[in-house]
Amino acid sequence: ETGVTQTPRHLVMGMTNKKSLKCEQHLGHNAMYWYKQSAKKPLELMFVYNFKEQTENNSVPSRFSPECPNSSHLFLHLHTLQPEDSALYLCASSQARITSGQETQYFGPGTRLLVL
Amino acid sequence: KNQVEQSPQSLIILEGKNCTLQCNYTVSPFSNLRWYKQDTGRGPVSLTIMTFSENTKSNGRYTATLDADTKQSSLHITASQLSDSASYICVVSESGGYNKLIFGAGTRLAVHP
């Protein structure tokens with residue numbers, strides 16, 4: 001395993017539901033990321049946290065709300081989602097925010113989300 | 001526009017055979033290029049990272065090459081095994097401040113017995 005865990009692994013929710021995805025890393029890293037992976041499309045970076053501070057929000061709709069209470073935990077709160085939000089949501093961590101060096105991101109297994 | 005294009009989109013080979021996956025990019029300014037392997041139901045795992053000055057890097061049966069002049073990279077898999085069945089993702093990093101990662105859509109490889 002990569003040292004990054006995500007729960008739940010699968011989630012089915014209606015458009016009016018509120019749910020949260022959880023990510024935890026046991027690697028002592030300081031940067032954490034949320035990605036969306038849709039079928040046959042490149043990974044889309046959603047949010048970046050560096051030392052618990054949000055440093056990047058790639059024009060993500062407000063129905064996705066991230067939370068980073070400490071360097072080891074990252075949440076993605078979901079509300080009033082749309083069917084097109086169905087995808088695999090991946091969490092990743094790295095020692096520090098990716099720079100031009102040899103930083104490697106370690107990914108969790110993802111949460112497969114289906115919005116009905 | 002910075003883009004990463006991978007080919008083929010999918011590939012089927014027989015166990016024991018070799019194969020080569022391609023990655024072309026238009027990212028500029030270039031910082032580094034990474035190849036990831038993603039098994040079904042799992043997150044991507046890093047295979048190799050190459051900077052501008054490196055033109056080949058190996059990780060076991062995986063060998064990545066980089067031609068920064070033509071902006072092309074390849075991932076060569078030798079003596080394929082059933083466990084090589086996965087998606088292989090090329091990621092190019094754009095330099096400058098906090099690097100931006102540009103992901104390819106991946107090549108889905110199936111190794112059959």
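Values below: every heavy atom of this structure, side chains too, minus hydrogens, waters and symmetry copies. Letters A, B, ... are given to chains in the order of the sequence lines, protein chains preceding strands, and every chain is numbered from 1.
Between the CZ atom in B/Phe103 and the CD atom in A/Gln37 there is a gap of 9.0 Å [rounded to 0.5 Å]. Taken from CG in A/Leu43 to CD in B/Gln38, the straight-line distance is 6.5 Å, to the nearest 0.5 Å. Remark: B/Ser46 OG to A/Phe107 CZ distance equals 9.5 Å, nearest 0.5 Å.
Side-chain heavy atoms closer than 4.5 Å link hydrophobic residues (I, L, V, M, F, W, Y) into clusters, and following such links, even through other members, never connects A/Leu21 to A/Leu116. Linking Ile, Leu, Val, Met, Phe, Trp and Tyr whenever their side-chain heavy atoms come within less than 4.5 Å leaves A/Val48 and A/Met32 in two separate clusters. Note on A/Phe75 and A/Phe51: separate hydrophobic clusters, where clusters join Ile, Leu, Val, Met, Phe, Trp and Tyr whose side-chain heavy atoms are under 4.5 Å apart, directly or indirectly. Following chains of ILVMFWY side-chain contacts shorter than 4.5 Å, one cannot reach A/Leu45 starting from A/Phe64, and the two form parts of different hydrophobic clusters. B/Val91 and A/Tyr106 fall into different hydrophobic clusters, defined by Ile, Leu, Val, Met, Phe, Trp and Tyr side-chain heavy atoms under 4.5 Å apart, directly or through other members.
A/Lys52 NZ: 12 or fewer foreign heavy atoms inside a 6.0 Å radius. Within 6.0 Å of CD on A/Gln82 lie more than 12 heavy atoms contributed by other residues, nucleotides or ligands.
The closest side-chain heavy-atom distance from B/Val45 to A/Gln105 is not below 4.5 Å. Looking at B/Ile49 and A/Thr104, their side chains come closer than 4.5 Å, going by heavy atoms from C-beta outward. Two residues are said to be in side-chain contact when any heavy atoms from C-beta on lie closer than 4.5 Å; A/Pro42 and B/Ile102 fail this criterion.
A pairwise comparison of heavy atoms in B/Pro44 and A/Leu90 identifies CD-CD1, 3.9 Å as the closest pair. Closest approach of B/Gly41 and A/Arg9 over heavy atoms only: O-NH2, 2.7 Å.
For a residue to count as touching a neighbouring chain, one of its non-hydrogen atoms must lie under 4.5 Å from one of that chain's; by this rule B/Gln6 does not touch chain A. Looking at A/Tyr35, the atoms closer than 4.5 Å to chain B (heavy atoms on both sides) all sit in the side chain, from C-beta outward. If you measure heavy-atom distances from B/Ile89 to chain A, the contacts under 4.5 Å come from the side chain alone.
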